[in-house]
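Notes to accompany the following structure.
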Amino acid sequence: MAERSYLDWNATAPLRPQAQAAWMDALAVAGNPSSVHAEGRAARRLVERAREQVAALVGAQPGNVFFTSGGTEANMLALTPAIETAGEKRPRDRLLVSAIEHSSVRAGGRFPRAATEDVPVAPDGRVELAALAETVRGASRPLVALMLANNETGVVQPVAEAAAITHAGGGLLHVDAVQGAGRISCDMGALGADIVTLSAHKIGGPKGVGALVRAGEEIHFPDPLIRGGGQERGMRAGTENVAGIAAFGAAAAAAHREFTAEAARMQALRDSLESGLKAISPQAVIFGQTVARLPNTTLFAAEGVKAETAVIAFDLEGIAVSSGAACSSGKVQPSHVLAAMGISPALIRGAVRLSLGWTTNETDIERFLTAWRKLSSALSKGQSIAA
Ligand code: PLP
């Protein structure tokens, strides 16, 4: 295959070499981590080492990390009215969800629909803190869900401020850090997060592995989703995905070590991408540009462009990008994130997301800009592009 540029790291990141090595090594370990013999203990060691590595990425104690099948399951596990703290055992009465959360959070976990409320965002893509404070005041024991950074726009949310508001109102804060962790600092203590969701495949680990992390032992989930053998201290039954977990741990360690340097490099690449884009299409809109964003993400739209057509046209040019719209089961839905920011439906239809990662280089940016220079005027007229 001709050389391609993969600019869709927010959908998933390639496996890091360290994760691949850990995965292969773990496959050679035969034991079940619950077995007491030497083979079992070897498997247990891999899982517990990974727990330490994942905990370190978010500044938590290893004992507060629970492995799951991914970010979606961790979100589902976290969002339950039954969540208890040392001082509060009564069920949580409301789930307050920012309007830009990932669909796995917006689905509301195990809260009844009627107990779930949206918290609006400003046109810049950040949650409205005044609205959050008001909604928290209207509840007595809320669980608030606010992501660290948005998967479409990359906009970083004011999590520490939201935590202060939530705690002052007797609430708990859940932070979906699937896109933020490993790209920007994600220290649970500094953020004031009570519960954090992580996913391995966004940081260079394998798909199908994630974690729910709690700030302390006093936070308790009495209603696990999967009951059975009592693995993960009763929080998630089933024999552990040892190789996947070991690879997740290795990816977390590499991300933790390298993200500061990676962020600076990616931001420089992203800045040159955005200035090149604006030079070719001065009318293009880059969403969330006035506030802090993930260093790797650009979501842009140009009037008249249909994102699905653009994605195919870029693919034919050897570039993988995604439309801002969530696409599942082949059905393209308009982006709820951009709609919540008050963006016009015409622009939403044209939103294209570029997301970079640790192997992205100047050649990838040049390839994208060359393709955009070639395609933009035809795409803006809504024309389809032949190969
Ligand atoms: N949360 C966010 C913000 C995401 O971007 C994603 C994946 O795209 C998820 C949760 C779901 O994670 P997973 O794919 O591991 O289920």
Worksheet item: Are the side chains of P33 and R45 in touch, meaning some heavy atoms are under 4.5 Å apart?
Response: no
Worksheet item: Quick one: does L143's side chain get under 4.5 Å of R94's, heavy atoms only?
Response: no
Worksheet item: Side chains of R236 and E73: closer than 4.5 Å at any heavy-atom pair?
Response: yes
Discussion item. Tell me whether R90 is salt-bridged to E84, with the criterion being a basic N under 4.0 Å from an acidic carboxylate O.
Written reply: no
Discussion item. For the residue pair D124 / T290, report whether a side-chain donor-acceptor contact shorter than 3.5 Å exists.
Written reply: no
Worksheet item: Is any side-chain N of the basic residue among E308 and R349 closer than 4.0 Å to the acidic one's carboxylate O?
Response: no
Worksheet item: Judged by modelled atom types alone, do S322 and R353 share a side-chain donor-acceptor pair under 3.5 Å?
Response: yes
Worksheet entry | Close side-chain approach of R265 to L356, heavy-atom, < 4.5 Å | no
Item to complete: Show the numbers, then the answer: is there a side chain to side chain contact (heavy atoms under 4.5 Å, CB included) between V242 and V29?
Response: CA-CA 9 Å; V242 177; V29 176; 5.8 Å; no
Worksheet item: Do side-chain atoms of S272 reach the backbone of L269 as a donor and acceptor pair under 3.5 angstrom?
Response: yes
Worksheet item: Any sub-3.5 Å donor-acceptor pair from R44's side-chain atoms to S35's backbone N or O?
Response: no
Worksheet item: Do Q20 and R16 have side-chain atoms, one donor and one acceptor, less than 3.5 Å apart?
Response: no
Worksheet entry | ring pair (Phe, Tyr, Trp, His ring centres under 6.0 Å) partners for F66, two or more places apart | none
Discussion item. I want to check something: taking the side chain as every heavy atom from C-beta on, are L172 and T85 in contact at a cut-off of under 4.5 Å?
Written reply: yes
Worksheet entry | From F314 atom CZ to D8 atom CG, the distance as rounded to the nearest 0.5 Å | 12.5 Å
Worksheet item: With distance as the sole test, does T309 use its side chain to make a donor-acceptor pair with the main-chain N or O of V305 at under 3.5 Å?
Response: no
Worksheet entry | Closest approach of A263 to P295 (non-hydrogen atoms, all atoms of both residues) | O-CB, 3.6 Å
Worksheet item: Within the side chain of S281, is there an N or O that forms a donor-acceptor pair under 3.5 Å with the backbone of A284?
Response: no
Fill in: R373 side, atom CZ; L277 side, atom CG - distance, nearest 0.5 Å
10.5 Å
Discussion item. By the ring-ring contact (aromatic ring centres under 6.0 Å, His included) test, which pairs, at least two apart or in different chains, include something from residues 269-305?
Written reply: F300-W372
Worksheet entry | Atom CD of E218: over 12 foreign heavy atoms under 6.0 Å | yes
Fill in: N-O pairing of E232 and R51 below 4.0 Å
yes
Worksheet item: Taking the side chain as C-beta and beyond, is there a heavy-atom pair between H102 and N151 under 4.5 Å?
Response: yes
Fill in: Any side-chain donor near an acceptor of the partner, E274 and T298, under 3.5 Å
yes
Between side-chain atoms of residues 192-200 and protein atoms elsewhere (two or more places apart, or another chain), which donor-acceptor pairs fall under 3.5 Å?
unit_1 : atom_1 : unit_2 : atom_2 : d
D194   : OD1    : H167   : NE2    : 3.4
D194   : OD2    : H167   : NE2    : 2.7
D194   : OD2    : L173   : N      : 2.7
T197   : OG1    : N75    : OD1    : 2.7
T197   : OG1    : H174   : NE2    : 2.9

Practice prompt. Measure the CZ-CD1 distance between R293 and I184 for me, rounded to the nearest 0.5 Å.
Written response: 12.5 Å
Response to the item:
Value for CG (D93) from OG (S140), rounded to nearest 0.5 Å, stands at 3.5 Å
Practice prompt. For the residue pair T360 and L7, establish whether any side-chain heavy-atom pair is separated by less than 4.5 Å.
Written response: yes
Worksheet item: Of the non-hydrogen atoms in A307 and A351, which two are nearest, and what is the gap between them?
Response: CB-O, 3.3 Å
Worksheet item: Does one side chain, of E101 or S98, offer a donor that lies under 3.5 Å from an acceptor on the other?
Response: yes
Discussion item. Using a 6.0 Å cut-off, check whether atom CZ of R110 has over 12 heavy atoms from anything other than its own residue.
Written reply: yes
Worksheet entry | CG on D364 to OH on Y6, rounded to 0.5 Å | 12.5 Å
Worksheet item: Looking only at atom types and distance, does a side-chain atom of R233 sit under 3.5 Å from a main-chain N or O of G63, one as donor and one as acceptor?
Response: yes
Fill in: Non-hydrogen side-chain atoms of I203 and L57 separated by less than 4.5 Å
yes
Worksheet entry | Under 3.5 Å: donor-acceptor pair, side chain of D118, backbone of P120 | no
Worksheet item: If two hydrophobic side chains count as joined below 4.5 Å and joins carry through other members, does L146 share a cluster with L95?
Response: no
Discussion item. Run T370 and K374 through side chain to side chain contact (heavy atoms under 4.5 Å, CB included) and show every step you take.
Written reply: CA-CA 6 Å; T370 305; K374 176 176 156 192; 5.9 Å; no
Practice prompt. Starting at CE of M235, measure out to NE2 of H220 and round the result to the nearest 0.5 Å.
Written response: 8.5 Å
Discussion item. Show, in sequence, the C-alpha distance, side-chain angles and deciding distance for V213 and M188, and conclude whether the side chain to side chain contact (heavy atoms under 4.5 Å, CB included) test is met.
Written reply: CA-CA 9 Å; V213 190; M188 287 182 76; 3.7 Å; yes
Worksheet item: Is a donor on one side and an acceptor on the other found under 3.5 Å between the side chain of Q231 and the backbone of G238?
Response: yes
Item to complete: Please say whether more than 12 non-hydrogen atoms of neighbouring residues, nucleotides or ligands are located less than 6.0 Å from CD in Q61.
Response: no
Item to complete: Kindly give the heavy-atom pair with the smallest separation between A190 and A160, and that separation in Å.
Response: O-CB, 3.9 Å
Discussion item. Quick check against the 3.5 Å criterion: does S275 have a side-chain atom that pairs as donor or acceptor with the backbone of D271?
Written reply: yes
Worksheet item: Step by step, would you call I286 with K278 a side chain to side chain contact (heavy atoms under 4.5 Å, CB included)?
Response: CA-CA 9 Å; I286 296 170; K278 288 294 255 184; 4.1 Å; yes
Fill in: Exercise: do N10 and R183 side chains pair donor with acceptor under 3.5 Å
yes
Item to complete: For Q283, look at atom CD and say whether over 12 heavy atoms of other residues, nucleotides or ligands are found less than 6.0 Å away.
Response: yes
